[in-house]
Undergrad: 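Have a look at this one before I ask anything.
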Amino acid sequence: MPFVTRDTDGRLIAIAEFPLDDSAEELAADDPEIVAFVERTCDLAIEGAGETPFINADLAFIRVVEDLIEVLMRKGVLALTDLPGPAQEKLMSRRALRHWLAGVAGIVDDGGEGKII
């Protein structure tokens, strides 16, 4: 678990793998304060970044994972039944949704980034 250092107002100012000083406290990696700190830090570090660069990157990457799964299934490397039940359900739901949206003319640009236009 990471160690955090706080300022005099109690806000996180540093996260480290080991205590930086005697006042460092240990928090879970998924603690909301740590997540907010990392998002805030990345917003400052990435010029022109939106409000949530991590979430935006995750959403964009989901499409890459979907496409990779589709390719592996088409090539016979992976079968849908190789995936756990909940993963199968999520994949089939997304596939059905994308298919339905593609059927509505001009709503999904499936050739590019898969954005709704």
Side-chain angles (χ1 to χ4, degrees):
M1 291 204 297
F3 292 88
V4 300
T5 303
R6 298 179 183 274
D7 66 10
T8 55
D9 295 325
R11 292 183 302 232
L12 295 187
I13 58 171
I15 300 174
E17 291 183 81
F18 52 88
L20 298 176
D21 58 29
D22 292 338
S23 67
E25 95 185 67
E26 203 170 0
L27 291 178
D30 62 349
D31 185 282
E33 283 187 285
I34 289 183
V35 173
F37 177 86
V38 171
E39 286 179 349
R40 186 175 65 248
T41 302
C42 286
D43 279 342
L44 296 173
I46 302 170
E47 187 175 329
E51 291 181 31
T52 53
F54 280 130
I55 292 172
N56 291 338
D58 285 349
L59 292 173
F61 193 70
I62 287 169
R63 178 63 191 266
V64 172
V65 173
E66 280 184 84
D67 290 344
L68 175 62
I69 291 169
E70 290 295 325
V71 167
L72 292 173
M73 287 179 15
R74 259 182 287 165
K75 291 188 174 214
V77 175
L78 177 74
L80 183 62
T81 55
D82 292 338
L83 301 172
Q88 290 178 35
E89 292 170 16
K90 289 174 185 165
L91 186 61
M92 295 306 293
S93 292
R94 295 255 324 152
R95 184 186 287 170
L97 179 61
R98 282 175 47 192
H99 181 73
W100 178 80
L101 287 173
V104 180
I107 291 195
V108 174
D109 173 16
D110 214 21
E113 297 177 22
K115 295 181 180 177
I116 296 177
I117 55 174

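Just so you know, residue 1 is the first one in the sequence shown, and it goes up from there.
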Undergrad: Tell me whether the count of non-hydrogen atoms from other residues, nucleotides or ligands lying under 6.0 Å of CD in E17 goes above 12.
TA: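 No.
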Undergrad: Once rounded to the nearest 0.5 Å, what's the spacing between atom CD of E33 and atom CZ of R6?
TA: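 Taking CD in E33 and CZ in R6, the distance rounds to 4.0 Å.
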Undergrad: For the atom pair CG (D82) and CE (M73), what is the distance rounded to the nearest 0.5 Å?
TA: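 Reported to 0.5 Å precision, the distance equals 9.5 Å.
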Undergrad: Test of understanding: clusters of I, L, V, M, F, W, Y form through side-chain heavy atoms closer than 4.5 Å, transitively. Do L78 and V64 belong to the same one?
TA: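 Yes, because L78 and V64 connect within a single hydrophobic cluster, where side-chain heavy atoms sit under 4.5 Å apart.
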Undergrad: Closest approach of Q88 and L83, non-hydrogen atoms and distance?
TA: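 Where Q88 meets L83 most closely, the heavy atoms are NE2-O, 2.7 Å.
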Undergrad: Roughly how far, to the nearest 0.5 Å, is the CD1 atom of I62 from the CG atom of D67?
TA: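 It comes to 12.0 Å.
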Undergrad: Can L97 be reached from L91 by stepping across I, L, V, M, F, W or Y side chains whose heavy atoms are under 4.5 Å apart?
TA: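 As far as the 4.5 Å side-chain criterion goes, L97 and L91 are not connected within one cluster.
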Undergrad: Compare every heavy atom of I34 with every heavy atom of A29, then report the nearest pair and how far apart it is.
TA: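 For A29 and I34, the tightest heavy-atom pair comes out as O-CG2, 3.6 Å.
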Undergrad: Among I13, I15, L20, find the one that has a side chain to side chain contact (heavy atoms under 4.5 Å, CB included) with V4.
TA: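 Going through I13, I15, L20 one by one, the side chain to side chain contact (heavy atoms under 4.5 Å, CB included) with V4 is satisfied by I15 alone.
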Undergrad: Quick check: is V65 connected to L72 through a chain of hydrophobic side chains (ILVMFWY, heavy atoms under 4.5 Å apart)?
TA: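 Shared cluster, yes.
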Undergrad: Mind checking the CG-CD spacing from L80 to E70? Nearest 0.5 Å is all I need.
TA: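 Answer for the CG-CD pair, L80 versus E70, is 9.0 Å.
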Undergrad: Examine V77 and V71 and state if one hydrophobic cluster contains both, with Ile, Leu, Val, Met, Phe, Trp and Tyr joined whenever side-chain heavy atoms are less than 4.5 Å apart.
TA: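 As far as the 4.5 Å side-chain criterion goes, V71 and V77 are not connected within one cluster.
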Undergrad: Short question: side chain of D7, backbone of D9 - any donor-acceptor pair under 3.5 Å?
TA: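 Yes, because the side chain of D7 sits within donor-acceptor range (under 3.5 Å) of the backbone of D9.
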Undergrad: Measuring from L68:CG to F61:CZ, what's the distance to the nearest 0.5 Å?
TA: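 CZ of F61 is found 8.0 Å from CG of L68.
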